[in-house]
Each structure stands twice: as C-alpha cells, then as structure tokens.
Amino acid sequence: MSRVHLHDLDFELFIPEAEVNEAVARVAAELNVKYVGKRPLFVGVLNGSFFFAAELLKRLTIECEITFVKVASYHGTSSTGKVTDLIGFNERIEGRDVVILEDIVDTGNTIVHILDLLRDRHPASMSIATLLFKPDAYKQQVTIDHVAIRIPNDFVVGSGLDHNGLGRNLPGIYRIIPN
Ligand code: 5GP
C-alpha cells in the first residue's frame with residue numbers, strides 16, 4: 001500500500017517497513033552495548049510507543065524490564081500553561097537505569113516534561129530512545145540519546161503513530177500529502 005486515506009487526510013509511503021526495522025535494530029545494538037551487565041527499565045510512553053517498544057525489545061539481548069506510562073496534557077490556569085502528568089505510574093524507579101521510549105520527538109516539550117517528572121523519583125540514570133526525531137522542530141537542550149530515524153518537519157503516521165486514532169497499525173512510516 002503506497003497511499004492511504006485516514007479521516008480527512010491523504011498519506012504516502014515515506015519509509016518502508018524494512019528500513020524502519022533496520023533503524024530499530026541499530027538502536028537495539030547500541031543499547032545492547034550500553035547496558036550490558038545492567039538491568040535497565042524501559043518506560044514506553046503510550047499510546048504511540050507500543051510498536052517501537054515491541055520491535056526494540058525483541059532485538060535486545062540484555063536483561064531488561066519494561067513498563068508503560070500514559071501522559072496527560074491539559075491547560076492549567078497557571079502561567080506555565082501546559083502541564084503534563086504521569087497517569088497511574090506506580091513503578092519504583094529509584095536507583096534504576098531508566099530508558100524512556102518515545103514514538104516521536106518533535107518540539108521536545110513532552111519528553112522534557114516526562115524527564116522532569118521521572119527525575120523526581122531518583123533513578124540512577126535516564127536516557128531517551130525514540131523511533132522518530134524531527135531535528136528541525138526540536139526546541140529543547142536535552143540530548144536525545146538514541147534516535148532510530150531523523151525525519152523532516154512533516155506530519156507522519158504508521159508504526160504506532162496515528163491521525164486521530166487511525167494509522168497506528170500501518171507498517172512503515174507514511175507522510176502527509178499536502179492538499
Ligand atoms: P513534542 O512536540 O512534545 O515533542 O511532541 C508531542 C507529540 O506530538 C508527540 O508525542 C506526538 O504524539 C505528536 N506528534 C508530533 N509530530 C507528529 C507526527 O508527525 N505525527 C504524529 N502522528 N504525531 C506527532
């Protein structure tokens with residue numbers, strides 16, 4: 001399938017499944033070296049990271065654990081505007097080597113909020129692995145440690161990413177076709 005229609009938008013195949021798999025395997029190889037002899041806790045950010053988490057973890061040879069976190073964004077009344085909360089996250093991460101798994105890092109605001117919230121729970125270390133990264137949109141200073149694929153500033157779906165709930169099941173990455 002090279003074109004798909006989701007709700008009101010059209011998308012075209014941008015990165016085929018085989019290329020996504022190769023990129024995920026590269027990140028897995030990095031992590032297999034970095035965490036050898038350790039037992040990292042992977043924290044997948046729902047909903048989008050389920051795909052990357054599954055594809056990544058089946059390629060890891062190190063001892064590891066995984067859990068998932070859901071993030072709530074809402075507009076508070078404080079001057080900080082957007083506030084992000086971790087929903088129902090009761091995992092003890094104190095003293096653990098934590099690797100946060102994201103589907104995509106765009107401006108970086110979400111991942112920085114998550115890092116701040118997890119830091120309060122005193123992990124031994126934290127790093128970030130993401131399936132997709134948009135360097136041209138990124139506004140934060142934090143280094144994204146492990147990036148599978150860098151993409152331009154276009155809206156994409158597939159491999160866990162959605163457009164209003166649709167498209168997460170598409171293998172590969174699809175890019176929006178401008179009207
Ligand atoms: P941030 O700007 O905070 O890094 O990213 C916020 C969220 O925007 C991501 O977690 C993701 O849900 C969504 N997002 C950003 N770029 C895209 C994209 O190209 N496609 C989809 N489906 N979601 C995106």
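One-based numbering, in listed order, for ligands and for the atoms of each.
Taking only nitrogen or oxygen atoms, main chain and side chain alike, G108 reaches within less than 3.5 Å of ligand 1. In terms of polar-atom proximity, defined here as any N/O pair under 3.5 Å, T107 does make such a contact with ligand 1. Residue V156 has at least one nitrogen or oxygen atom sitting less than 3.5 Å from a nitrogen or oxygen atom of ligand 1, judged on distance alone.
The aromatic rings of H163 and F11 sit tilted, their planes meeting at an angle between 30° and 60°.
Between I87 and V71, every side-chain heavy-atom pair lies at or beyond the 4.5 Å cut-off.
Ligand 1 lies out of reach of H113, whose nearest heavy atom is not under 4.0 Å from it. Within the structure, ligand 1 lacks V45 among the residues with a heavy atom less than 4.0 angstrom away. Not a single heavy atom of G48 sits under 4.0 Å from any atom of ligand 1.
For E65 and R96, the salt-bridge test passes: some basic side-chain N is under 4.0 Å from an acidic carboxylate O. The existence of a salt bridge linking R26 and E30 is excluded, since no basic side-chain nitrogen approaches an acidic carboxylate oxygen closer than 4.0 Å. Looking at R3 and E12, no side-chain N of the basic residue comes within less than 4.0 Å of a carboxylate O on the acidic one, giving no salt bridge.
Per-residue contacts place D154 under 4.0 angstrom from the following atoms of ligand 1 (heavy atoms of the residue considered): 19 (O). The ligand atoms of ligand 1 that sit less than 4.0 angstrom from a heavy atom of K134 are 16 (N), 17 (C), 18 (C), 19 (O). Of all the atoms in ligand 1, the ones that sit under 4.0 Å from a non-hydrogen atom of T110 are 1 (P), 3 (O), 5 (O), 6 (C).
Under the 3.5 Å distance criterion, with hydrogens and angles disregarded, a donor-acceptor pair is assigned to the side chains of E91 and T67.
The only member of V105, V147, I173 that meets side-chain contact (heavy atoms from CB on, under 4.5 Å) when paired with L132 is I173.
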